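Everything quoted here is computed from the prediction, not taken from an experiment.
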Amino acid sequence: ADYWGPDKDFKLPRPKNLPFLPFNKLDPKIGRVCDVGISIRGGVIQAAKEEEDEFLMVENKTVFKGKSSQAAARAKAIQRKRVRPVIQTQPQNTYYQNWNPKAAKQHQARFAHQQRTFLRTKFKDQMNITASWEYINELQKQNFEKVLLATNIDRTAKTIDTVGKLKAYEVAYDRPSKLERQLNNTITSLSYNLTIEDKMLELIEEYSKEKNVVQVYTSDSILTALMALKTSNYPWDFTIIKLGNQLIFERTEKEAVAGLSGSAPVQSYIDILSVLENTSGNMPEDEKDTLKLCHEATLINKNFVAQTARGVEKSFNRADQTKGAHTYRLLKLDENTQILVRVELDSFVRRGDEANDDLVLVKAFNEFDISATDWRKKVDTNKGQLLIGEVRNNLCKFTRWLSQAIIAGVETLKIGLVSRVNQKDASRHAILGVETMSVAAAKSMIGFKLNDCLSIVKALIDEIAKQQDGKYAIIKSQYKQTLRIYRLPAVNSEDQA
């Protein structure tokens, strides 16, 4: 033969009794073709089960044995969301706590770090409500939301008159200094004038001729306290005298508190600055300790204004008769209601000539717990974050400052950062820095809406306008954002007149 191999007529005999595994063309893997290690029982082939760990599939693609790091992390995150561990925030009353006090204390101590309880100041009632007082109503959140006001109230506000003297702000305090500037204690006591000044009496007589309009006469301290009611936790009160269509808002005199410097009686929390009113941390439980901190903060602000505003002097009307400077502004809430408010001015910045003077509001945040906050380490590198934290912890106070600036027509705020020189000495302070902020930036920082704040004032005015002539007490309780209204009994005919 000319070729190699078997003969062309050769036929391969078919094997007999040789078992074969079934084969599927669709299966991409080829397993055992022939296995002689099986047994035939009753004509049924039973193959032994063997794992194919050493089998490798021949393909062009790279085979990944596991997920990628990103996919694995994503899968773990989904799994954690599906099954969240239950954290026990309060100790459960187990059976052994009923008869074993020691075990109960140990059980409570075990979960003490998970219980978020903070100390809050326990305030006393600002007014002693007697049986002769007649309860009128309590204004709540739903009463304020129903009030409709005019638009652009701040733009349509008018300046009726400005009285007193004002000194220019020293721009040098805006620049950082290597050495701490000491705060001068030129003012050591607080004094308040509860009587209505002659200028306000003249305006009351002038505007009382308008019979179809409700006239409201107030000061900036009372008006801003009402506007910041939604963020207020401290208790305060004031009185309203109603004479026809005229409403006069007045302060309420309080008794002096022992341990505070100065012989003048301490007013309600409307007249003094609060300290960490909106903080989520601990505060002094005794009201006297909180009142001392508020008294310190108020003196710091007055001394800060006196020290930074010592430039050229600018005189207004009645400069010799008035201490400081005040402006009288007219706000029209709607066609039938308008407010005449006296606003205190702090200083101004001269830009060229006197005609271009810009009014500024000068205020200060103060630090009393140096060991906990330590502003000196943050004021140079992270002053913005420090200021945001103080605004969050003192939201009510900052809202009152912002309301005062808008009512007075001021467009710039000068916010000082003042700290104690020694943590145990509340009489010595240092100026760490000053931050300049526009009113527009301050409004966007806290989401301030003027109409929402003035709706509280309008709801109170509408409620008093429906009542008969007389004197009314407005009481705001601690940690509540509501106003209770009482009608006070008339003493005699002379007081009514």
Would you mind telling me which of Ile248, Leu247, Ile461 makes a side chain to side chain contact (heavy atoms under 4.5 Å, CB included) with Ile240?
->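 Of Ile248, Leu247, Ile461, side chain to side chain contact (heavy atoms under 4.5 Å, CB included) with Ile240 is met by Leu247 alone.
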With respect to Tyr217, which candidate in Ile241, Ile204, Ile339, Val341 satisfies the side chain to side chain contact (heavy atoms under 4.5 Å, CB included) definition?
->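 Between Tyr217 and the candidates, side chain to side chain contact (heavy atoms under 4.5 Å, CB included) is satisfied uniquely by Ile204.
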Whether [Y] and [X] form a salt bridge (side-chain N of Lys/Arg under 4.0 Å from carboxylate O of Asp/Glu) is what I want to check.
X: Asp357; Y: Arg351; answer: no
X: Arg400; Y: Asp220; answer: no
X: Lys363; Y: Asp346; answer: yes
X: Lys122; Y: Asp286; answer: no
X: Arg318; Y: Glu202; answer: yes
X: Lys378; Y: Asp374; answer: no
X: Glu296; Y: Arg420; answer: yes
X: Lys476; Y: Asp237; answer: no

Looking at [X] and [Y], would you say the former's side chain and the latter's main chain have a donor-acceptor pair under 3.5 Å?
X: Gln481; Y: Ser232; answer: yes
X: Asn282; Y: Leu119; answer: yes
X: Asn303; Y: Leu299; answer: yes
X: Thr162; Y: Phe316; answer: no
X: Ser438; Y: Ala441; answer: yes
X: Asp289; Y: Pro284; answer: no

Residues forming a ring pair (Phe, Tyr, Trp, His ring centres under 6.0 Å) with Phe365, sequence neighbours excluded = Trp401
Partner residues of Tyr169 under the ring pair (Phe, Tyr, Trp, His ring centres under 6.0 Å) criterion, sequence neighbours left out | none
Heavy atoms only: give me the nearest [X]-[Y] pair and the separation to one decimal.
X: Ser371; Y: Gln423; value: N-OE1, 3.2 Å
X: Ser347; Y: Ala168; value: OG-C, 3.3 Å
X: Arg376; Y: Ala430; value: NH2-CB, 4.2 Å
X: Met127; Y: Ala473; value: SD-CB, 3.8 Å
X: Val439; Y: Thr412; value: CG2-N, 3.9 Å
X: Val275; Y: Tyr234; value: O-OH, 3.1 Å

[X] side, atom [atom1]; [Y] side, atom [atom2] - distance, nearest 0.5 Å:
X: Ser221; Y: Ile272; atom1: OG; atom2: CD1; result: 12.0 Å
X: Ser419; Y: Asn366; atom1: OG; atom2: CG; result: 8.5 Å
X: Lys458; Y: Leu454; atom1: NZ; atom2: CG; result: 11.0 Å
X: Thr121; Y: Asn233; atom1: OG1; atom2: CG; result: 10.0 Å
X: Cys294; Y: Glu287; atom1: SG; atom2: CD; result: 9.0 Å
X: Leu386; Y: Asp380; atom1: CG; atom2: CG; result: 10.5 Å

Is there a donor-acceptor contact under 3.5 Å linking the side chains of [X] and [Y]?
X: Arg487; Y: Tyr472; result: yes
X: Ser427; Y: Asp425; result: yes
X: Arg329; Y: Thr159; result: yes
X: Thr436; Y: Lys414; result: yes
X: Thr337; Y: Asp334; result: yes
X: Glu138; Y: Thr482; result: yes
X: Gln385; Y: Asn382; result: yes
X: Thr373; Y: Glu367; result: yes

Could you give me the CA-CA distance, side-chain angles and deciding distance for Val343 and Tyr328, then say whether side chain to side chain contact (heavy atoms under 4.5 Å, CB included) is met?
-> CA-CA 6 Å; Val343 188; Tyr328 295 85; over 6 Å; no
Does the side chain of [Y] come within less than 4.5 Å of [X]'s, by heavy atoms?
X: Thr327; Y: Glu344; answer: no
X: Asp452; Y: Lys230; answer: yes
X: Tyr479; Y: Pro235; answer: no
X: Ile406; Y: Leu402; answer: yes

Hey, mind stepping through Asp271 and Arg251 against side chain to side chain contact (heavy atoms under 4.5 Å, CB included) and telling me if it holds?
-> CA-CA 9 Å; Asp271 299 302; Arg251 295 187 181 99; 2.4 Å; yes
Working for side chain to side chain donor-acceptor pair (under 3.5 Å), residues Asn394 and Asn278 = CA-CA 5 Å; Asn394 299 273; Asn278 305 99; over 6 Å; no
Assess Lys314 against Phe348: is NZ or CZ under 6.0 Å from the centre of the six-membered ring, and within 45 degrees of the ring's axis?
->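 Flagged: Lys314 positioned over aromatic ring of Phe348.
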Do Arg181's NZ or CZ and the ring of Tyr173 fall within the cation-pi criteria of under 6.0 Å and 45°?
-> yes
Is atom [atom1] of [X] surrounded by more than 12 heavy atoms (other residues, nucleotides or ligands) closer than 6.0 Å?
X: Lys242; atom1: NZ; result: yes
X: Glu411; atom1: CD; result: no
X: Lys383; atom1: NZ; result: yes
X: Lys158; atom1: NZ; result: no
X: Lys167; atom1: NZ; result: no
X: Gln142; atom1: CD; result: yes

Go through the steps to decide whether Gln338 and Leu330 satisfy the test side chain to side chain contact (heavy atoms under 4.5 Å, CB included), and finish with yes or no.
-> CA-CA 7 Å; Gln338 60 185 14; Leu330 186 65; 4.0 Å; yes
Check step by step if side chain to side chain contact (heavy atoms under 4.5 Å, CB included) holds for Val391 and Ile415.
-> CA-CA 11 Å; Val391 171; Ile415 308 297; over 6 Å; no
What orientation do Tyr269 and Phe123 show, parallel under 30°, tilted 30 to 60°, or perpendicular over 60°?
->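 Plane angle over 60°, so perpendicular.
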